[in-house]
Amino acid sequence: MKVESEGQLAEAIRAASGPLDIVGGGTRPVGCGVGEVLEVGISGISLYEPGALTLVVGAGTPLAEIEAAIAAEGQRLPFEPARWGALLGVSGESTIGGVVAANVSGPRRVQAGACRDSLIGVRYVDGAGTVVKNGGRVMKNVTGYDLVKLMAGSWGTLGVLSEVAFKLLPAAPAQASVVMDIPAGEAVAALSRALGSPYDVSGAGWLPGIGAVVRVEGLAESVAYRAERLAALLAPYGARIERDGSAAIWADLAEVRPFHGRSGDLWRFSIKPSDAPGVIARLGGEVVLDWGGGLIWALVPEGTDVRAKAAPYSGHAICLRGQAAAFEPEAAPVAALSRGLRARFDPRGILNSGRMG
């Protein structure tokens, strides 16, 4: 079943007699979806004010459509959302509602924050079929309980998004990368040095075949100066400056292209960067690093007990492809809070009930 308006969405949820498997573009099939598929096709830009750097859009709007519209005005979504379809081996077109539901945040998170930090308002339908509005359409109107951030990363288990509002940023006219040909296990020290510098780093990761990479963005003269200073700071790691191929490096990192079309189980660790070298060593498999080592993508043989193998670590691991439980088991106090929230937002337990376990 596909709904194309908020009214249809509310009616479909009120009329549901069993679980609903909520999907947008179908490009993030994480966890076990159960029940009747409810596709959210509420699409279109309802408000865009370039002068105020604000955007309001239907949750089913394709990400590509949004990026094209704001790029025409020299603007961008601050958190650099990535597409996972090719990584997970599925077709479809990523929608902005799916991005918010999974709190998808790309390499620029180290500078601009996560998806939830750019959200200023949401409209959604809860498990009772009630339309709920929270936040605002412009920055000065953002008041009340911050359900906006609660909805980001809830994977459709608390409510089904119908509309989202964002603050935007101007696009950077220039960028450059500092590249270091060092192993993944040694990269975190170099990336931490860069992130601790005064040079306003907007990306810090590691890719197989390339090595550790650090990005600076902004006006051309500023980028040139900061790249030179970073290269000097990171000289002990063999740093060199890459300008012409910089954008391609970050597109590859955001979408984890080294793992496209590869077999095996795919995992995503969100941890303290200081834990990353130990986790990498214990996993012993192929990795891609982002967020200065705070995000580890791992490709391992099928059936590997990755959480046990990588322990100890502070954070959580999600199985994006494989037979393991998708989401990290919650500690008892956190699990109790989660159950309480779901009981309040979705008293019948019908919204993506199998998605997060």
Do you know which two heavy atoms are closest between [X] and [Y], and how far apart they sit?
X	Y	value
Leu351	Asp346	N-OD2, 2.9 Å
Pro29	Val90	CG-CG1, 3.9 Å
Arg282	Pro312	NH2-O, 2.8 Å
Pro107	Trp250	CB-CE3, 3.7 Å
Trp206	Ala212	CD1-N, 3.2 Å
Met151	Gly159	CE-O, 3.6 Å

Exercise. Carefully, step by step, assess Ile45 and Leu55 under the rule side chain to side chain contact (heavy atoms under 4.5 Å, CB included).
Key: CA-CA 8 Å; Ile45 296 172; Leu55 172 77; 3.7 Å; yes
Out of curiosity, [X] [atom1] to [Y] [atom2], how far, rounded to the nearest 0.5 Å?
X	Y	atom1	atom2	result
Asp117	Arg109	CG	CZ	7.0 Å
Leu230	Tyr225	CG	OH	10.0 Å
Ser270	Glu328	OG	CD	10.5 Å
Ile22	Ile350	CD1	CD1	7.5 Å
Glu49	Thr54	CD	OG1	4.5 Å
Asp200	Leu195	CG	CG	10.5 Å

Just by modelled atom types, is the [Y] backbone N or O under 3.5 Å from a matching donor or acceptor in the [X] side chain?
X	Y	answer
Thr130	Asp126	no
Glu242	Gly245	yes
Ser192	Ala189	no
Arg226	Tyr199	yes
Trp155	Gly98	no
Gln75	Leu168	no
Asp275	Tyr313	no
Arg215	Ser202	yes
Arg348	Ala16	yes
Arg76	Glu67	no

Please answer: with hydrophobic residues joined when any side-chain heavy atoms are less than 4.5 Å apart, are [X] and [Y] in the same cluster?
X	Y	value
Leu9	Tyr124	no
Ile296	Val213	no
Val279	Phe259	no
Leu295	Trp267	no
Phe269	Val288	no

For the residue pair [X] and [Y], establish whether any side-chain heavy-atom pair is separated by less than 4.5 Å.
X	Y	answer
Val132	Phe345	no
Val306	Asp265	no
Leu63	Pro81	yes
Val57	Val164	yes
Leu119	Phe166	yes
Asn352	Asp21	yes
Leu77	Ser118	no
Leu87	Glu255	no

Quiz item: What do the steps show when you test Ile249 against Asp252 for side chain to side chain contact (heavy atoms under 4.5 Å, CB included), and what is the final call?
Solution: CA-CA 5 Å; Ile249 289 173; Asp252 288 351; 5.9 Å; no
Quiz item: What's the verdict on salt bridge (Lys or Arg N to Asp or Glu O under 4.0 Å) for Glu6 and Lys133, showing C-alpha distance, side-chain angles and the deciding distance?
Solution: CA-CA 12 Å; Glu6 189 177 74; Lys133 173 186 175 183; over 6 Å; no
Quiz prompt | Passing option when Leu150 is tested against Val148, Asp146, Leu147 for side chain to side chain contact (heavy atoms under 4.5 Å, CB included) | solution =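 Of the listed residues Val148, Asp146, Leu147, the side chain to side chain contact (heavy atoms under 4.5 Å, CB included) partner of Leu150 is Leu147.
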Exercise. Take Cys115 and Val100, measure what side chain to side chain contact (heavy atoms under 4.5 Å, CB included) needs, and give me the verdict at the end.
Key: CA-CA 7 Å; Cys115 172; Val100 173; 4.0 Å; yes
Quiz item: Will you find, in the side chains of Ser105 and Arg116, an N or O donor that is under 3.5 Å from an N or O acceptor?
Solution: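 Looking only at side-chain atoms, Arg116 and Ser105 do not form any donor-acceptor pair under 3.5 Å.
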Quiz item: Would Lys167 and Leu53 satisfy side chain to side chain contact (heavy atoms under 4.5 Å, CB included), going step by step from the backbone distance to the final call?
Solution: CA-CA 6 Å; Lys167 60 181 179 182; Leu53 293 168; 5.8 Å; no
Exercise. Linking directly or through intermediates, with side-chain heavy atoms under 4.5 Å: list the remaining ILVMFWY members grouped with Leu219, chain and number order.
Key: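 Taking Ile, Leu, Val, Met, Phe, Trp and Tyr as members, Leu219 stands alone, with no cluster partners.
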Quiz prompt | Over 12 foreign heavy atoms within 6.0 Å of CZ, Arg14 | solution =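 Count over threshold, so yes.
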Practice problem: Would you sort out whether Ser162 and Arg123 count as a side chain to side chain donor-acceptor pair (under 3.5 Å), showing the intermediate values? | Solution: CA-CA 6 Å; Ser162 57; Arg123 291 178 67 94; 4.7 Å; no
